[in-house]
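Heads up, the thing below is written out as C-alpha cells.
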Amino acid sequence: MAIIETEAALHEAHRDNHTHRDVNGGWLRPAVFGAMDGLVSNLALMTGVAGGAVSQQAIVVTGLVGLAAGAFSMAAGEYTSVASQRELVQAELDVERRELRKHPQDEERELAELYASRGVEPDLAREVARQLSRDPEQALEIHAREELGIDPGDLPSPTVAAVSSFGSFALGALLPVLPYLLGATVFWPALLLAFVGLFACGAVVAKVTARSWWFSGLRQLALGGAAAGVTYVLGSLFGTAVG
C-alpha cells in the first residue's frame, strides 16, 4: 500500500510539474505583433511629423489617422493571410481525403511504413496503421498531422485573427496619442508613455520565452526608440527641405 501511495504521489507531482507553455503562439503572435506594430509605427509617425516642426494639432491628427489606418490595414492583412492559409490547408486536406477514399490500402501501408521508420516493429506498425485506419476521419487527421504537419481540428480563424489584430494595433497606437487627448501640450509625455509601453510589451513577451523580462523589455525599448529617432531626424530634414 505504501508503494502504491508513493507511486501515486510521484505521478501527481510529475503531472503538476510537467506542463508546457504555449509555443505555437496562436494567440500571442497576432496580439503582441499588433500592439508592438501599432506602438512603434504610430510613435515613429508622430515623431517624424514632430521633427518637421508642425503644430500640436497636426501631430494629434497624424496620430489618430495613423491609428485608424494602421488598425484597418492590420485587420485586413491578417484576415487575408489567415484565410488564404486556411483555404490552402483545406485544399490539401481534400486531396488527402480523396486519396484515402480511392487508395485506402496504399495509405494504410504508407502509415505503417512511417511508424516503422520511427522504430516501431514492422508487424506492430502494420497493426497500428490498420486499427487507426478503420475510421476515415481519424485516418485523415493522422495523415494530416504526419504528412502535412497540421491539425485539421485546430485551424486558425480569419475573423478572430483580424479582430485581435485590429484591437491590439489600436491599443498600441493609442499610447503615443493618449497624452494629447488628456490635455498635454508638448511631445515628451507622449514619448515617455510610448517608451513605457515598449518596455511593458517586451516584458510581457518574456513570460513565454526563456529570456528575462528586463532583457526583453530593454530590447523592445531600444528597437522602438531607434525607429522614433530615425524618423525624427528624417522629419527634421524633410521639414527643412520643404520649408
Side-chain angles (χ1 to χ4, degrees), residues 21-54 56 58-82 85 156 161-182 184 186-240:
R21 293 169 290 186
D22 177 18
V23 296
N24 292 325
W27 64 269
L28 182 66
R29 186 191 68 85
V32 173
F33 177 74
M36 192 65 63
D37 189 31
L39 180 51
V40 174
S41 63
N42 217 29
L43 172 63
L45 180 63
M46 293 175 65
T47 53
V49 172
V54 299
Q56 173 189 335
I59 297 175
V60 176
V61 171
T62 298
L64 292 175
V65 171
L67 185 158
F72 281 111
S73 176
M74 277 288 294
E78 196 71 23
Y79 184 91
T80 302
S81 174
V82 175
Q85 178 187 3
V163 171
S164 62
S165 295
F166 182 94
S168 58
F169 185 98
L171 182 62
L174 178 63
L175 287 183
V177 188
L178 190 59
Y180 283 107
L181 299 180
L182 295 178
V186 291
F187 189 66
W188 70 262
L191 192 64
L192 178 61
L193 183 59
F195 282 171
V196 170
L198 286 168
F199 185 86
C201 284
V204 169
V205 172
K207 292 294 183 179
V208 290
T209 66
R211 292 290 187 180
S212 61
W213 62 271
W214 59 266
F215 175 87
S216 185
L218 289 176
R219 179 176 59 184
Q220 296 301 112
L221 178 59
L223 293 173
V230 169
T231 54
Y232 183 85
V233 172
L234 291 176
S236 300
L237 294 176
F238 294 156
T240 303

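Note that the structure is a prediction, hence the values are computed from the model and not measured.
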Going from CG on Asp37 to OG on Ser73, what distance comes out if it is rounded to the nearest 0.5 angstrom?
8.5 Å
Given the rule in the side chain to side chain contact (heavy atoms under 4.5 Å, CB included) test, do Val40 and Leu223 qualify, once you have shown the distances and angles that lead to the verdict?
CA-CA 9 Å; Val40 174; Leu223 293 173; over 6 Å; no
Heavy-atom pair with the smallest gap, counting every atom of [X] and [Y]:
X: Glu78; Y: Ser165; answer: CG-OG, 3.2 Å
X: Leu45; Y: Gly66; answer: CD2-CA, 3.9 Å
X: Gly202; Y: Ser216; answer: O-OG, 2.5 Å
X: Ala173; Y: Val177; answer: O-CG2, 3.6 Å
X: Phe195; Y: Gly225; answer: CE2-CA, 3.9 Å
X: Leu198; Y: Met36; answer: CD2-SD, 3.7 Å

Could you check whether any side-chain heavy atom of [X] comes within less than 4.5 Å of a side-chain heavy atom of [Y], counting everything from C-beta outward?
X: Leu174; Y: Leu67; value: yes
X: Pro176; Y: Leu193; value: no
X: Phe169; Y: Ser41; value: yes

For the pair Thr80 (side chain) and Gly77 (backbone), establish whether a donor and an acceptor sit closer than 3.5 Å, ignoring hydrogens and angles.
no
Is it the case that the side chain of Gln56 and the backbone of Ala184 share a donor-acceptor pair, with hydrogens and angles ignored and the cut-off at 3.5 Å?
yes
For Tyr232, is the OH atom crowded, meaning more than 12 foreign heavy atoms sit under 6.0 Å from it?
no
Are more than 12 heavy atoms from other residues, nucleotides or ligands located less than 6.0 Å from atom OH of Tyr180?
yes
side-chain contact (heavy atoms from CB on, under 4.5 Å) partner of Met46, chosen from Val49, Asn42, Leu43:
Asn42
